[in-house]
Structures are given as C-alpha cells and as structure tokens.
Amino acid sequence: MKKILQWLIGILLVTILFGSILLGSFIYLTKYKMTTIDRSISPNGVYTLEFKSVGEPDWPFGDSHAQIILKKGQAVIDKTKIAIANDGKSLNKVNWSVDWKQAYVIVTIAGEEQPDQSITLHFEEKAITEKTD
C-alpha cells in the first residue's frame, strides 16, 4: 500500500512539473519573447535601429507589442515600447519606416487600425543601462 501511494505521489509530482514547464513556455512565448523583425543602419554606419516584436498579439484581434531600440555599436542609446493596432496580426517590415537625419532618426509606425505614428529618437547618448536588481 505504501509503495502504491509513493508511485501515485511521484506521478502527480511529475505531472505538475511538466504542466508547469508547458505553462511557463506558453506564457514566455505569448508575453515576453522578443523577435527581431527588421534592422536599419544609419547612412554613416555608426547607429543601428532595431524593430522587435514582444510576445504575440493580444487575443483576439488586439494590439501587437513592439520595441524600437537605437544603438551605437553595442551600447543602447534609446528604446521605446509601443503598441500597434494591427488587427491581431503579427508585425512585419511593412509596419515601420525609417528616415535617418543628421542628429536624430524618425520612425513611422503603421498599423491597420490606427493612423501612422511618428517617433523621434535622438543620437545623444543617454547611456541606458539594464537594471540587474
């Protein structure tokens, strides 16, 4: 009787472990996974602008979430989080356009269910650091 109870507890713990792993993977993929959609390099080759999707679009037919990251080399100068009303579709290269200027860059974000939105990122280094608390 004691061995049967140990087996049942073991099977229950393994089931809970695998269920937790599956749930954690689902949450990561739908809410946090960052995927690079497109990258633009400044005409002088010094700055890089990355357009990344964050997770999956809100279900059903909700906003898509993204980040725009401006880098000089490997250093992050500026980053902006945005929500794009794109009828629940995943983001792609047509959802942004980039216009490089002398001291800043203008990013235009387009979604199917919103007017175009312009975001200006300046080349002044703000020295954004990641918190490691």
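Only a predicted model underlies this, so the values are computations on that prediction, with no experimental measurement involved.
To the nearest 0.5 angstrom, S42 atom OG is 10.5 Å from Q102 atom CD. Atoms CD1 and OG, from I106 and S118 in turn, are 6.5 Å apart once rounded to the nearest 0.5 Å. Atom-to-atom distance recorded for D87:CG and Q114:CD is 12.0 Å, nearest 0.5 angstrom. With rounding to the nearest 0.5 angstrom, the CD atom of Q117 is 9.5 Å from the OG1 atom of T108. For the atom pair CG of D78 and CG of L121, the computed distance is 5.0 Å after rounding to the nearest 0.5 Å. Separation of atoms CG (N86) and CG (N92) is listed at 7.5 Å; rounding is to 0.5 Å.
When side chains are defined from C-beta on, I109 counts as touching F51, because their heavy atoms get closer than 4.5 Å. A 4.5 Å side-chain heavy-atom check between S90 and P57 finds at least one atom pair inside the cut-off.
Among all heavy-atom pairs drawn from D63 and A85, the shortest one is OD1-CA, 3.6 Å. Closest approach of M34 and V54 over heavy atoms only: CG-CG2, 4.1 Å. Closest approach of W100 to V98, counting heavy atoms only: NE1-CG1, 3.5 Å.
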For a side chain to side chain contact (heavy atoms under 4.5 Å, CB included) check, start with the C-alpha distance between L91 and W96, then their side-chain angles and the critical distance, and finish with the verdict. CA-CA 9 Å; L91 299 173; W96 87 323; over 6 Å; no
Hey, mind stepping through I82 and I68 against side chain to side chain contact (heavy atoms under 4.5 Å, CB included) and telling me if it holds? CA-CA 8 Å; I82 53 173; I68 298 171; 3.9 Å; yes
The test is side chain to side chain contact (heavy atoms under 4.5 Å, CB included); show your working for Y47 and I77 and say whether it passes. CA-CA 9 Å; Y47 300 97; I77 296 173; 3.4 Å; yes
Go through K52 and I69 one step at a time and tell me if the side chain to side chain contact (heavy atoms under 4.5 Å, CB included) criterion holds. CA-CA 8 Å; K52 296 185 175 222; I69 302 170; 3.9 Å; yes
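For the salt bridge (charged side-chain N to carboxylate O under 4.0 Å, His left out) condition, the pairs that include at least one residue of residues 21-48, sequence neighbours left out, are R39-E50. Listed by first and then second residue, the salt bridge (charged side-chain N to carboxylate O under 4.0 Å, His left out) pairs that reach into residues 103-119 are K89-E112, sequence neighbours excluded.
Hydrophobic clustering (ILVMFWY, side-chain heavy atoms < 4.5 Å, transitive): L29 and I27 are in one cluster. Connection of L49 to I41 is not established within any shared hydrophobic cluster, with ILVMFWY side chains joined at heavy-atom distances below 4.5 Å, either directly or through further cluster members. Under the 4.5 Å side-chain contact rule for hydrophobic residues, Y104 and V46 do not share a cluster.
The closest donor-acceptor contact from the side chain of N95 to the backbone of A110 lies under 3.5 Å.
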Please table the atom pairs, donor to acceptor, closer than 3.5 Å between any side-chain atom in residues 2-23 and protein atoms at least two apart or in another chain.
| unit_1 | atom_1 | unit_2 | atom_2 | d |
| --- | --- | --- | --- | --- |
| T15 | OG1 | I11 | O | 2.8 |
| S20 | OG | I16 | O | 2.9 |

